[in-house]
Amino acid sequence: MNIPAYWAKGTTRHDVHTRNILTGKPMAPLSCWGWSDTSVADAKEKGRRRADAVAEMILKGNRPDTYLYGDRPMREEILDTWPSEDGSLWAAVTLNAYGCRVLNTARAMFIDVDLPEPSLWDRLKHRASAVFGNNPMPPRELKETEALSKVETMVRADSNFGIRAYRTRGGLRYLVTHTHAAPTAKLTCDMMEVLGADPLYIRLCKAQKCFRARLTPKPWRCGLRALHVPFPWPDQGAEQEVRHWLSAYGDKTRELATCTLIRHFGSAAMDDEMSRIVSFHDEATRAQSGLELA
């Protein structure tokens, strides 16, 4: 998994009097974030190299607006780690940019599927059908049923398959339980595409070399602004501000769930690692609590 322990900004060594070929103006020193599993100093040096690479792009007349996008992991505080016997991580819990806890897994495939809000036309058709006594399925439920039919088709094709399906506030979440998966493998990406995963989520899984599942509700769904202090915390005061925000966030989300278990499709067989993932995820998200989703 690509979840670095250390982050630091590195600044380019390019002469500040070098002119930007796009604007003709002197180019100020550039800074980029670097990361490392070794030390802050190593992260800073890697950040400097990234800054040099971006400056080189500019000097050659290329626009770096998409340069290096998607190749970097997320800057997140590591809250907990689950190491293997060889020292490598097979799971970790991190704090994302807006303040939610996220489960990162090296081999347990989570798939988040966004279901678009029903359009005005969809809602009008549903109401019209109801008026004429047709008892139609609500638009959101219809989209969910269509999405879950793909899971049912996959499970029918192979009796060894096992997939847990959850309902989220904005769609569905699947957890493949019968086998381990590699986040960067083509077969994995193909399966996520077939089941309707967001392309940006697939891209993030490749960059982080892991799968991700949000464990706690989004703050704006429970009356809080998102956490606005970026990690790593710039100073002790900023960290105290974060801890205070997290305390208020915990109070606000106490009676809310992140997802609800719909059912387990196919085979219930799973190894010890997967069983631990399922238990931890379901407890952390309150998936069987019946609480309101957020």
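Between Thr94 and Asn104, the side chains place a donor N or O and an acceptor N or O closer than 3.5 Å (distance only, hydrogens not considered).
Residues Glu292 and Glu255 fail the side-chain proximity criterion, which asks for heavy atoms closer than 4.5 Å. A heavy-atom distance below 4.5 Å is found between the side chains of Leu115 and Leu172.
Taking the six-membered ring where the residue is Trp, Trp7 and Trp35 present tilted rings, their angle falling between 30° and 60°.
The CZ atom of Arg173 sits 11.5 Å away from atom CD1 of Ile262, with the distance rounded to the nearest 0.5 Å. Atoms CE and CG, on Met192 and Asp198 in that order, are 10.5 Å from each other to the nearest 0.5 Å.
The closest donor-acceptor contact from the side chain of Thr188 to the backbone of Thr184 lies at 3.5 Å or more, if one exists at all. Between the side chain of Arg140 and the backbone N or O of Gly171 there is at least one donor-acceptor pair closer than 3.5 Å.
Centroid-to-centroid, the aromatic rings of His281 and Phe110 come within less than 6.0 Å.
Other residues, nucleotides and ligands contribute more than 12 heavy atoms inside 6.0 Å of the CG atom of Asp235. Annotation for Glu152: atom CD counts as buried by contact number, over 12 foreign heavy atoms lying within 6.0 Å.
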Side-chain polar contacts of residues 215-224 - donor-acceptor pairs under 3.5 angstrom, sequence neighbours left out - could you list them?
unit_1: Thr216; atom_1: OG1; unit_2: Arg101; atom_2: N; d: 2.9
unit_1: Thr216; atom_1: OG1; unit_2: Tyr249; atom_2: OH; d: 2.8

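Every side chain to side chain contact (heavy atoms under 4.5 Å, CB included) that Ser84 has, sequence neighbours left out, goes to Asp86, Ser88, Trp90, Arg107. Partners of Arg254 under the side chain to side chain donor-acceptor pair (under 3.5 Å) rule, at least two apart in sequence or in another chain, are Asp251.
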After noting the C-alpha distance and the side-chain angles of Asp282 and Arg164, does the key distance pass the salt bridge (charged side-chain N to carboxylate O under 4.0 Å, His left out) rule? CA-CA 11 Å; Asp282 285 12; Arg164 291 173 76 79; 2.7 Å; yes
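The side-chain tip of Arg276 points at the ring of Trp82 from less than 6.0 angstrom away and within 45° of straight on.
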